[in-house]
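Computed from a predicted model, the values in this text were never measured in an experiment.
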Amino acid sequence: MDYVTLNNGIKMPMQGFGVFQVPDADICEQAVTEALSVGYRFIDTASVYGNEQAVGTAIRKSGIPREEMFITTKAWISEMGYDCTLRAFDASLSRLRLEYLDLYLIHMPFGDYYGAWRAMEELYNSGRVRAIGVCNFELDRLIDLCHNAKVIPAVNQVEIHPYTQQTEAIRMMQSLCIQAEAWAPLAEGRKGLFTNVILSAIGRKYRKTAAQVVLRWLQQRGVVAIPKSVHKERMIENFNVGDFALTEDDMITITAMNTDKSLILDLRSIAEIERLYGIECKN
């Protein structure tokens, strides 16, 4: 597994395992157990996913030393605000049955996220979390937070895949020393990504799938990815992308797939924001 070094010196795996949309406890526990057996050591969850307890159970049963793991969870909109975020952190840690987190993220740039950030800075300074960051922050909000924070976010987790490449955002994050992390790196399979003609043609040169090409493309861009699957064969496939390298021509070809638009989550849409505010944590 390759690693990136965050702006505070902490090492983060380049690829993790996501558990979004896996609310069933038994299925989630089994998926995380299998991911760990494949070799994943970075697990990404969130309070709003409703599966932190299942993730924690799988981690505990694995027998893998805690120091070899990198565990992320996130605070939801309803958990924003200094006091609320401190309580949310304690609740997430309790459900995960962990003594500390490796990365704690603000899930959405809504609500009192400045109060939440003060709480997260306190948690970071106390050593209860090794790094703090944000999720879904577009550049205006990210830059504003950086100008008003004592601790600069270590990570910004956003939608990144061949159809939504976030080129300008990644460039700006690099200038701020903030690590870009891709959720839905495989675009949730939308727009026929797994059978895309361009990606499949590149993959045939290396005897790799379209999905493997995308994950390798992200790594070569310096972007951390958290693909999700409940199928072990897909977990193995996604994990095995370190034995080939895309050429510059391959990278340029994939660049041409960019639409410069969000495919999954448009945070400039009023209807989408109203929908997000209506979602409550399931834990």
Side-chain donor or acceptor of Glu159 paired with backbone N/O of Leu263 under 3.5 Å
yes
Any Tyr82 side-chain heavy atom under 4.5 Å of Met120 side chain:
no
Salt bridge (charged side-chain N to carboxylate O under 4.0 Å, His left out): pairs with one or both residues in residues 206-225, sequence neighbours excluded:
Lys208-Asp243
Going by side chain to side chain contact (heavy atoms under 4.5 Å, CB included), Leu101 matches just one of Phe70, Phe89, Tyr124. Which one?
Phe89
Output every pair passing salt bridge (charged side-chain N to carboxylate O under 4.0 Å, His left out) with a member in residues 134-153, not counting sequence neighbours, ordered by first then second residue.
Glu138-Arg268, Asp140-Arg268
For the backbone of Trp76 and the side chain of Glu79, can you confirm whether one donor and one acceptor N or O come within less than 3.5 Å of each other?
yes
Would you say that Gln15 contacts Val241 through its side chain, given a criterion of any heavy-atom pair below 4.5 Å between the two side chains?
yes
Working for salt bridge (charged side-chain N to carboxylate O under 4.0 Å, His left out), residues Glu188 and Lys228
CA-CA 9 Å; Glu188 297 183 345; Lys228 181 208 82 175; over 6 Å; no
With a 4.5 Å heavy-atom cut-off, do Phe17 and Asn238 have their side chains touching?
no
Carboxylate-amine/guanidinium contact Arg41 Asp102, below 4.0 Å:
no
Is Asp250 salt-bridged to Lys205, cutoff N-O under 4.0 Å?
yes
Assess whether atom CD of Glu272 is packed by more than 12 heavy atoms of other residues, nucleotides or ligands within 6.0 Å.
yes
Write out all pairs satisfying ring pair (Phe, Tyr, Trp, His ring centres under 6.0 Å) with one or both partners inside residues 128-148, taking only residues at least two apart or from two chains.
Tyr113-Phe137
CG of Asn8 to CD1 of Ile132: how many Å apart, nearest 0.5 Å?
9.0 Å
Any ion pair linking Asp90 and Arg128 (charged N to carboxylate O, less than 4.0 Å)?
yes
For atom CE of Met172, decide whether the heavy atoms of other residues, nucleotides or ligands shown that lie under 6.0 angstrom number more than 12.
no
Between Asp44 and Lys74, is the closest basic N to carboxylate O distance under 4.0 Å?
yes
